[in-house]
Amino acid sequence: MFALVDANSFYASCETVFRPDLAGRPIVVLSNNDGCIVAANKRAKAFGNIMYQPYFQLAKMLEQKGTAVFSSNYELYGDLSHRMHTLLSQFAIEQEVYSIDECFLNFTGMQHWNFTHYGQSIKQSVMKQLGLPVAVGIGSSKTLAKAANNIAKQLPELEGVLCLSDLSPAGQNQMLAGLNVADIWGVGQRWSKRLNAIGIETALDLKQTPIKKIRKQFSVVLERTVHELNGIPCQSLQLVIPNKQQIISSRAFNKTIRDYKNMQQAVARYIARAAEKLRQQNGVCKQISVNIMTNPFQSTAQYNNWASTSLIYPSNHTGHLIERGKHCLKRIWKEGYEYKKALVILSDISEPGIMQYDLFADKARYSNNKKTDSLMQVIDKINSRMGKGTCRLAAEGNNSKSSWPMQRHRQSSRYTTCWKELPVAYLK
DNA sequence: TCTGGGGTCCTAGGACCC
DNA sequence: TCTGGGGTCCTAGGACCC
């Protein structure tokens with residue numbers, strides 16, 4: 001038996017934890033650079049289709065309706081997320097942290113428990129200790145737990161908790177009949193359209209479709225989903241976080257870049273971020289790719305190109321990677337465009353030590369040189385203690401914090417992670 | 001003026017091997 | 001006239017997730 005615990009509009013809810021005055025107001029949270037709406041509470045969602053829409057198009061409407069608008073505050077969300085997952089881990093023997101705002105719990109071996117009741121106590125606990133609203137879905141597979149969670153959020157009479165296994169088979173089917181096939185975990189836009197076209201509209205329809213038909217017309221991925229809807233688990237909990245196979249670092253620029261040197265610095269900075277993540281998982285990479293592009297939403301001249309290169313010796317050294325990255329950039333750079341975004345991918349990742357040496361290459365430059373390794377370690381330590389970007393390579397530019405500041409006009413305080421921004425309570 | 005930033009898995013087809 | 005039967009590896013593209 002599996003449970004899925006998922007916070008309701010997590011980012012928006014985080015913003016209310018230290019702001020009781022926001023009760024009853026519509027709330028939205030914006031993406032980086034205050035670009036799109038990436039989270040909205042129930043009141044804001046009621047305005048219509050606003051999720052992932054550009055903020056500037058809706059700003060006026062939102063303001064007129066008294067909406068509280070926030071730039072994303074990942075320090076706050078990350079910290080509250082960590083607290084939530086720590087709390088939830090106490091309710092089961094096994095936990096899979098699936099994303100920033102949701103986790104699976106394994107209830108195997110607890111057959112005699114009253115799960116609906118247990119789900120309620122989980123929900124109340126998170127509200128009491130963290131002030132965050134969550135929904136709990138329980139079922140005999142991960143897909144069913146996800147579906148139950150979704151239904152629990154949709155039907156107010158369930159009060160945020162649904163255990164499908166506590167229902168009769170007919171009752172379960174009735175619930176699944178009320179769930180759109182597009183809302184099933186693993187069924188996205190494309191597939192839901194194709195499923196609709198052959199008459200499969202609800203979760204129940206999909207559950208009852210012959211498995212061979214699904215395999216033939218779709219793939220083994222959807223076949224597994226159908227099995228899971230029928231209560232046959234095809235996926236277990238992922239208890240160990242696997243190392244990343246690729247690490248991406250990308251950002252849109254606040255202002256467009258025309259100048260090669262500026263672009264070099266931006267690319268160097270993204271590489272440095274990615275390399276830091278790579279070292280955190282104690283990995284080395286063998287491939288680096290660089291992509292630059294203009295703004296596709298503008299009618300100006302468009303250019304979008306990428307280049308990649310292999311490293312002779314796998315590395316996680318920022319300097320080596322920047323050097324290779326610069327080569328990539330040189331190959332794709334074209335003068336005269338207004339560049340809006342750069343993207344860097346580190347791939348072909350492995351552990352250091354598992355390394356195929358090149359007979360003729362200069363090992364001293366690329367191997368796990370102890371001096372450069374410890375230099376990177378020192379830089380990482382300084383940055384983790386003193387703040388990101390405190391210590392960096394010259395290639396990243398000498399005023400990296402101010403040269404392309406991210407637009408975040410509406411950021412709330414980092415109530416739980418920054419001494420200066422702790423909430424203050426006044427006694428009357 | 002203004003449009004996010006990450007990830008994974010599977011499949012088909014081409015190139016190669018004996 | 002006529003052209004087998006197994007494999008592996010790599011890549012691009014398509015689907016999905018938050």
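Below, chains carry the letters A, B, ... as their sequence lines are ordered, and counting in each starts from 1.
Geometric assessment of Lys341(A) against the ring of Phe253(A) yields a negative cation-pi assignment under the 6.0 Å and 45° thresholds.
Under 4.0 angstrom from either OP1 or OP2 of dT1(B) there lies no side-chain N or O belonging to Gln298(A). Note on Ser250(A): a side-chain N or O is less than 4.0 Å away from OP1 or OP2 of dG6(B). Taking only side-chain nitrogens and oxygens, Gln238(A) never comes nearer than 4.0 Å to OP1 or OP2 of dT8(B). An OP1 or OP2 oxygen of dT3(B) is reached within less than 4.0 angstrom by no side-chain nitrogen or oxygen of Lys341(A). Contact between the side-chain N/O atoms of Lys146(A) and the OP1/OP2 oxygens of dC18(C) is found at a separation under 4.0 Å.
Closest-nucleotide positions on DNA chain B for Gln246(A) and Val38(A) were compared, and the one nearer the 5' end corresponds to Val38(A).
Rounded to an integer number of Å, the gap from Arg215(A) CZ to dA15(C) P is 17 Å. Atom P of nucleotide dC17(C) and atom CD of Gln189(A) are separated by 10 Å, given to the nearest angstrom. To the nearest angstrom, P of dG5(B) lies 17 Å from CG of Asn73(A). Rounded to whole Å, atom P of dG4(B) lies 17 Å from atom OH of Tyr77(A). Residue Tyr55(A) contributes atom OH, which lies 16 Å from atom P of dT1(B) at whole-angstrom precision. If you take CZ of Arg224(A) and P of dT11(B), they are 8 Å apart, rounded to a whole angstrom. In this structure, CG of Asn33(A) is placed 7 Å from P of dT3(B), rounded to the nearest angstrom. In this entry the distance linking CD of Gln53(A) with P of dG4(B) reads 11 Å, nearest Å.
For Lys277(A), whose side chain is taken as the heavy atoms from C-beta onward, the closest listed nucleotide among dG6(B), dC10(B), dT3(B) is dG6(B). For Arg251(A), counting side-chain heavy atoms from C-beta on, the closest listed nucleotide (dG5(B), dG4(B), dT8(B)) is dG5(B). Comparing dT3(B), dC10(B), dG6(B) by their nearest atom to the side chain of Arg273(A) picks out dG6(B). When each of dT3(B), dC18(C), dG6(B) is scored by its nearest atom to the side-chain atoms of Trp185(A), the top-ranked nucleotide is dC18(C). The side chain of Lys244(A) lies closest to dG7(B), out of dC2(B), dG4(B), dG7(B). Among the nucleotides dC10(B), dT3(B), dG5(B), the one closest to the side chain of Val221(A) is dC10(B). When each of dC18(C), dG5(B), dA15(C) is scored by its nearest atom to the side-chain atoms of Trp191(A), the top-ranked nucleotide is dA15(C). For Tyr98(A), the listed nucleotide lying nearest its side chain is dC17(C); candidates were dC17(C), dT11(B), dG4(B). The listed nucleotides are dG4(B), dC2(B), dA15(C); the one nearest the side chain of Arg190(A) is dA15(C). For Phe56(A), taking side-chain heavy atoms from C-beta onward, the closest of the listed nucleotides dT11(B), dT3(B), dG6(B) is dT3(B).
Between His317(A) and His320(A), the ring planes lie tilted relative to each other; the angle falls in the 30° to 60° range.
Taking the six-membered ring wherever Trp is involved, the centroid distance between the rings of Tyr339(A) and Trp333(A) falls below 6.0 Å.
Judged by distance alone, with hydrogens and angles left aside, the side-chain atoms of Asn41(A) form no donor-acceptor pair with the main-chain N or O of Pro26(A) at under 3.5 Å.
Taking 4.0 Å as the cut-off between side-chain N and carboxylate O, Lys146(A) and Glu102(A) count as a salt-bridged pair.
Rounded to the nearest 0.5 angstrom, Leu62(A) CG and Ile50(A) CD1 are separated by 6.0 Å.
At a threshold of 4.0 angstrom between heavy atoms, the contacts of Ile184(A) are confined to the sugar-phosphate backbone, with no base atom among them. When heavy atoms are screened at a 4.0 angstrom cut-off, Tyr52(A) is found touching base atoms of the nucleic acid. Looking at heavy-atom distances under 4.0 Å, Asn295(A) makes contact with sugar-phosphate atoms alone, never a base. As judged by a 4.0 angstrom heavy-atom cut-off over every strand, Leu343(A) is placed among residues making no nucleic acid contact. At a threshold of 4.0 angstrom between heavy atoms, the contacts of Ser72(A) with the nucleic acid are absent.
Using the Watson-Crick or G-U wobble rule with both distances under 3.5 Å, dC18(B) pairs with dG5(C).
Only one option out of Tyr98(A), Phe2(A), Trp191(A) pairs with Trp185(A) in a ring pair (Phe, Tyr, Trp, His ring centres under 6.0 Å); it is Tyr98(A).
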